[in-house]
Protein chains: 2
Amino acid sequence: MTNIQDIARLAGVSTATVSRVINKRGYVSALTKQKVLEIIKKLDYVPNANAISLKKGKTRQIGIITTLFSPIIIQFVRTFSLIAEKNRFNITLFITNGDPAKEILALEMLRGKQLDGIACLIRSNTWEVIESYTRYGPIVTWQRLQNEHLPSVFMDQFHAYQVGLEHLYAKGYRKILSVYPMSQGLNTKERIRAYSEFAQRYHLITDIFPHFEDKMLVQDGEELATWWLSQKYRPDAIFCANDEVAAGLMTSLKRLGFSIPGDVGILGFDNTEVAHLLDLTTINYPIDQQAENAFFILQNKLNNTSHLLNTLTYKLVERKST
Amino acid sequence: MTNIQDIARLAGVSTATVSRVINKRGYVSALTKQKVLEIIKKLDYVPNANAISLKKGKTRQIGIITTLFSPIIIQFVRTFSLIAEKNRFNITLFITNGDPAKEILALEMLRGKQLDGIACLIRSNTWEVIESYTRYGPIVTWQRLQNEHLPSVFMDQFHAYQVGLEHLYAKGYRKILSVYPMSQGLNTKERIRAYSEFAQRYHLITDIFPHFEDKMLVQDGEELATWWLSQKYRPDAIFCANDEVAAGLMTSLKRLGFSIPGDVGILGFDNTEVAHLLDLTTINYPIDQQAENAFFILQNKLNNTSHLLNTLTYKLVERKST
DNA sequence: TTGTAAGCGTTATCAA
DNA sequence: TTGATAACGCTTACAA
């Protein structure tokens, strides 16, 4: 309602002076400053953010794109928001549900100058489409990618997966089934590579079990239990795509009267809360640091600075499922 | 970069005509229209959203405020976002972590015209503070409140709690401990009222156990298990504040070798995924419909319409913990 | 059917 | 130390 001109008129000064007072920029005499602040307070005035954004060409608004709300995504978003707010950026969250059109909506906001940058955690469109939007503002991704326009806070899962496999081997497991997440993702590729290398090194036979991919939900774990039950020759350990799959698998098998790790060892991935709850052995993945890095990358591009990134580390969290 | 004037110049028309083409408003000849669209496409032009917001005084942006990201909040946010996006509104999520200053930040965005409205799920400031912002735009809440300026999608938990208690009674429990969420909330008050009424009706003694409030996390449930263990005279059933508390309690007791519901019955609240996972009996709370109602209320105020609200219902979901 | 021009509420340059 | 004023990019009477 009330704008900078009202303030100027009532304070008997120009809008330029009011602007100076508000932004603490340039010279203003103590007296006029006090007078202006008084009027501002009296009229309950706030600058119109849209006018500022229009004038400055910046909104201090960052978008986060994700297909869904898994525990690990939640943690990423929480940490990212925290650090962003600390730097006076606001977050707009886009849950696409896997709908490419919804993702485009978010990308179009970058194009329409409503967003200064975007963190694309899990994409719905092809990388080509997403990359084509980098000309409108910085975009950072979570999934791994080799692309000079699309920086990524991806962490090499090859090594992390090796750690998990070594743990299973040390525990005496020899018939290990490996269950993978998104079939298209490079994470899955790296995990498969780690598994092959591992199997070769220890002379393990790998092709006795079917290949499971795209298993990411509790329900997938429950279905896995049914599969396990139906086999004559069963794996003695299952390395799950994430903690949710491991949780579904473990609770289902326990319901059927099996003991974990007595009858089969179960290893999760990510170390989310459900792993703690169910005493699942898992791999800790430094989400918080990745989230911070994602923000730093965006911020560096926006301000042309070069804030140093966190060095990422992971480790095995041994509990009672292996 | 490129703006409406560039388009106008290159198409040999005025900005008004270009605007008409973009917004499909008013008369434009087929020929000029085609010409304009061609140039728009060639220059990869998009209208600047900030300029539009400034001009129109609206942003089609709605904020959601919450202190944290519990499973039930996630579900609310997901549904709210879905219906909002369907109506061409975008969502800005604010996770305050209980910090009043962060909440103010969001409220100030309403004041600064960056937000058209706000859904405040779990507040951090006093209701007085939040109410004082209703003069800048519509605010809807989730927690219960009697306030003409702050509509709420709250659902009376008195009845729902009665349903839970009746279930426990029917199952033969007589020494029921009731554990409550936020001590300040009206939800807690209603639950306490339901419990008193229930105890009186069945002539149960209520003051043998301490009064537990502010129990909302898995960890709270774990601590509850420790308490339960240390008692000589133990409750035979525990009605938990929500599914997370119930989950923490149940898994802790099971780890200690107790059987559920053999040694103690456990009842959750909300029917979130963890309840399904752990076979917890719980109360289904129609979050999706509440989320939709929250949006409808905001939309009605914004457009001066009167979209009908969902009628809310709840029910007991019996599983294996009682 | 199209164009002119006055806003919307700021910021920032240049004078004074 | 302060003020005029030209942008920023769009919408929308009102004219033509």
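Values below: all heavy atoms of this structure, side chains included; hydrogens, waters and symmetry mates excluded. Labels below follow one simple rule: chain letters A, B, ... track the order of the sequence lines, proteins then strands, and each chain is numbered from 1.
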### Task
Say whether, by atom type as modelled, one donor and one acceptor occur between the side chain of A:N125 and the main chain of A:P100 under 3.5 angstrom.
yes
### Query
Which residues, if any, of residues 26-33 of chain A bring a heavy atom under 4.0 Å of DNA chain D?
A:Y27, A:V28, A:S29, A:T32
### Task
Give one of base, sugar-phosphate or nothing for A:G12, where a contact means two heavy atoms less than 4.0 Å apart.
sugar-phosphate
### Query
Out of B:Q289, B:E292, B:Q290, which residue meets the side chain to side chain donor-acceptor pair (under 3.5 Å) rule with B:N310?
B:E292
### Query
C:dC8 P sits how many Å from A:D6 CG, rounded?
10 Å
### Message
My understanding is that only one of B:W142, B:Y285, B:F295 makes a ring pair (Phe, Tyr, Trp, His ring centres under 6.0 Å) with B:F76; could you say which?
### Response
B:W142
### Query
What is the minimum heavy-atom distance between A:I91 and A:A84, and which atoms define it?
CD1-CB, 3.6 Å
#### Entry: Atom-to-atom span, CG of A:L54 to C1' of C:dA12 - whole angstrom
14 Å
### Query
Under a 4.5 Å cut-off applied to non-hydrogen side-chain atoms, are B:Y133 and B:I104 in contact?
yes
### Query
If the sugar-phosphate is the primed atoms plus P, OP1 and OP2 and the base is the rest, what is the B/S/- string for nucleotides 10-16 of chain D, using protein heavy atoms under 4.0 Å?
BBBB---
### Query
Could you state the CD1-C1' distance from A:I40 to C:dG9, rounded to the nearest angstrom?
14 Å
### Message
Taking A:K41 first and then A:E38, would you say they form a salt bridge - that is, a charged N and a carboxylate O separated by under 4.0 Å?
### Response
no
### Query
In whole Å, what is the span from the NZ atom of A:K35 to the C1' atom of D:dT1?
18 Å
### Task
Check the surroundings of atom CG in A:N304: do more than 12 heavy atoms from other residues, nucleotides or ligands lie under 6.0 Å from it?
no
### Task
Check the pair A:S306 / A:N300 against side-chain hydrogen bond (donor to acceptor under 3.5 Å, both in side chains), numbers first and verdict last.
CA-CA 5 Å; A:S306 53; A:N300 283 341; 5.9 Å; no
